[in-house]
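None of the values given here were measured: they were computed from a predicted structure. Note that the numbering runs from 1 along the sequence shown for the chain.
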Amino acid sequence: MTMQEASKRYMIPLKILKEYEKWELCGAVKKVMGEWQYDDQDIERLGMIMTLHDIGFNSSEVETYMRLTLEGNHTEPERIAMLNRIRGKTLDEIHFKEKQIAHMDYLRHEMQKKKEKG
């Protein structure tokens with residue numbers, strides 16, 4: 001399957017496909033008539049790459065994570081640490097947003113009290 005076919009069929013942005021090729025993480029990807037050809041294992045890896053991007057990994061973190069994955073199970077502690085770091089960052093963002101909502105609710109409540117009095 002070509003880059004364009006993979007992008008269209010699996011809704012993978014071309015940017016991610018180009019990153020993947022640049023990192024040379026491709027399994028059986030081969031050039032046929034000047035175009036990259038992806039197999040099922042490549043599509044599976046690309047799914048993981050998209051998930052990592054979606055959960056907040058930047059490109060260099062995705063590359064590191066994927067290289068660790070390809071090295072085998074002994075890298076699992078490093079990958080878990082990476083996931084835990086992103087998870088912690090995401091929880092911090094959620095808590096910050098919860099505080100913002102609480103402040104908004106307080107201001108709304110105060111305005112409502114004034115409206116009822118006035």
Check against salt bridge (Lys or Arg N to Asp or Glu O under 4.0 Å), Glu110 and Lys114 | CA-CA 6 Å; Glu110 289 298 309; Lys114 286 180 185 178; over 6 Å; no
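- Sorted by first then second residue, the ring pair (Phe, Tyr, Trp, His ring centres under 6.0 Å) pairs that include residues 50-77, not counting sequence neighbours, are Phe57-Tyr65.
- Taking the side chain as every heavy atom from C-beta outward, Leu46 and Tyr20 approach each other to under 4.5 Å.
- Partners of Asp105 by side chain to side chain donor-acceptor pair (under 3.5 Å), not counting sequence neighbours, listed by chain and number: Arg108.
- For Thr51, there are no side chain to side chain donor-acceptor pair (under 3.5 Å) partners at least two apart in sequence or on another chain.
- In this structure, Glu19 CD and Glu63 CD are separated by 8.5 Å, a value rounded to the nearest 0.5 Å.
- The OG1 atom of Thr69 sits 9.5 Å away from atom CD of Glu76, with the distance rounded to the nearest 0.5 Å.
- Summarising the geometry of Ala6 relative to Tyr38, their closest heavy-atom pair is CB-CD1, 4.2 Å, with the distance given to 0.1 Å.
- Atom CD of Gln4 has more than 12 neighbouring heavy atoms from other residues, nucleotides or ligands inside a 6.0 Å radius.
- Atom CG of Asp40 and atom CE of Met1 lie 7.0 Å apart (nearest 0.5 Å).
- Enclosure of atom CG in Asp92 by more than 12 non-hydrogen atoms of other residues, nucleotides or ligands within 6.0 angstrom is indicated.
- In summary, Glu71 and Arg67 do not engage in a salt bridge, as defined by a charged side-chain N under 4.0 Å from a carboxylate O.
- Here the CG-NE2 distance, from Leu91 to His95, works out to 5.5 Å after rounding to the nearest 0.5 Å.
- For the atom pair Lys18 NZ and Ile12 CD1, the distance stands at 14.0 Å (nearest 0.5 Å).
- Atom CE of Met104 sits in a crowded spot, with more than 12 heavy atoms from other residues, nucleotides or ligands closer than 6.0 Å.
- Placement of Leu70 and Val62 within a single hydrophobic cluster is found when ILVMFWY residues are connected by side-chain heavy-atom separations under 4.5 Å, directly or transitively.
- Evaluation of the side chain to side chain donor-acceptor pair (under 3.5 Å) test over residues 82-91, restricted to residues two or more places apart or in two chains, returns Glu61-Arg85.
- Summarising the hydrophobic clusters (Ile, Leu, Val, Met, Phe, Trp, Tyr; side-chain heavy atoms under 4.5 Å, direct or chained), the residues clustered with Tyr106 are Leu107.
- Proximity of Leu83 to Ile55: side-chain heavy atoms (C-beta onward) are separated by under 4.5 Å at one or more points.
- With sequence neighbours left out, the side chain to side chain donor-acceptor pair (under 3.5 Å) criterion links Arg79 to Thr75.
- Rounding to the nearest 0.5 Å places CG of Leu52 at 11.0 Å from OG of Ser59.
- Taking a 6.0 Å sphere around CG of Asn73, one finds it holds 12 or fewer heavy atoms contributed by other residues, nucleotides or ligands.
- One hydrophobic cluster, built from ILVMFWY side chains closer than 4.5 Å, cannot hold both Ile86 and Ile80; they sit in different ones.
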